[in-house]
Every structure is written in C-alpha cells, then in structure tokens.
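For reference, the structure is listed below as structure tokens.
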Amino acid sequence: MVKAEHTDYARAVIASAFLLERNSATGTAAFRRDVDQSRKAIQASRELLKRLRLRYRDDMAHLISGDADPRPLVSAFDADILRSVFRTLVRETGVPECQWRELAKTLVHEFTGCERVEDCLADWIIHA
C-alpha cells in the first residue's frame with residue numbers, strides 16, 4: 001500500500017512538472033510571438049512614415065517657389081495617418097502616457113523633416 005502511494009505521488013509530481021514545463025513553453029512562445037508582432041508593427045509604421053515623408057517632400061518641392069514660406073504643412077489626410085500610426089504604436093508597444101507627446105512630435109518630425117512641431121498638432125494627434 002505504501003509503495004502504491006509513493007508511485008501515485010511520483011506520477012502526480014512528474015505529470016505536474018510536465019504540465020508546468022509545457023505551459024511555460026507555451027507562454028514563452030506566445031510572448032515571443034507578441035514581441036515579433038510588435039516589432040513588425042513598428043517596422044511597418046517606420047516604412048510607412050518614410051514613404052509618406054518622401055512623397056510629401058516631392059510634393060512640396062513642386063509647390064514651393066523661391067519666396068514661399070519654407071515651413072512644411074501637414075494636410076488633414078496626412079495628420080489623420082499620423083494619428084493612426086501613433087495610436088497603433090501606443091497600442092502595440094505600450095508606451096506610457098507621459099511619453100505620448102514626445103512620440104507624437106517625433107512622428108511629425110520624421111514625416112516632415114522639420115524640427116519645430118506645433119504643440120496643437122501634437123495635442124490633436126494624442127487626444128483626438
């Protein structure tokens with residue numbers, strides 16, 4: 001009887017160790033999958049911003065004359081895309097709210113190439 005109890009106990013320990021190992025491996029795999037997905041989302045956002053910035057600069061080169069105001073403008077369409085990219089980045093990367101303004105300004109800077117970003121645009125991207 002004692003031997004049977006020890007055998008049952010040993011089987012239970014082995015089974016629970018196996019389940020813990022399997023759950024741990026599943027959790028690790030899910031975590032790695034989530035990290036890979038976040039990296040892909042960030043990379044896709046960066047590539048989109050690069051394409052938009054190139055298109056924007058090409059469009060501006062055609063529009064700006066020698067005496068025109070050289071400050072880049074952000075159209076409503078472009079601002080909406082920037083806001084969408086911002087929301088995706090915040091959701092995918094979990095950026096804390098205290099860093100949102102800087103992230104929004106960085107996105108606009110990457111898009112326009114202009115270091116000076118209007119606060120109202122950053123606020124609109126964050127809060128709208």
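Basis for what follows: all heavy atoms, side chains included, without hydrogens, waters or symmetry-related copies. If you read the sequence from its start, that first residue is 1, and numbering goes on from there.
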- If you round to the nearest 0.5 Å, how far is CG of L82 from CZ of R87? 12.5 Å
- Message: Rounded to the nearest 0.5 Å, what separates atom CD in E92 from atom NZ in K40?
- Response: 12.0 Å
- Message: Quick check on E47: does its CD atom have over 12 non-hydrogen neighbours (other residues, nucleotides or ligands) under 6.0 Å away?
- Response: yes
- C98 SG to L103 CG distance, which is reported to the nearest 0.5 Å: 11.5 Å
- Do I81 and L48 come within less than 4.5 Å of each other through their side chains, counting heavy atoms only? yes
- If you look at every heavy atom in I126 and R101, which pair is closest and at what distance? CD1-CA, 3.2 Å
- Shortest non-hydrogen separation from W100 to V95 and the atoms involved: NE1-O, 3.0 Å
- Task: Taking all non-hydrogen atoms of both residues into account, name the closest pair between S45 and V85 and its distance.
- Result: CB-CG1, 3.8 Å
- Message: Taking the basic N atoms (NZ, or NE/NH1/NH2) and the acidic carboxylate oxygens, is any pair closer than 4.0 Å for R83 and D80?
- Response: yes
- Message: On a heavy-atom basis, which atom in D119 and which in K105 lie closest, and how many Å separate them?
- Response: OD1-NZ, 3.0 Å
- Item | Interatomic spacing from CG in L89 to CZ in R46 - rounded to 0.5 Å | 8.5 Å
- Under a 4.5 Å cut-off applied to non-hydrogen side-chain atoms, are I125 and V108 in contact? yes
- State which residue, out of D78, V117, T106, fulfils the side chain to side chain contact (heavy atoms under 4.5 Å, CB included) condition with F111. D78
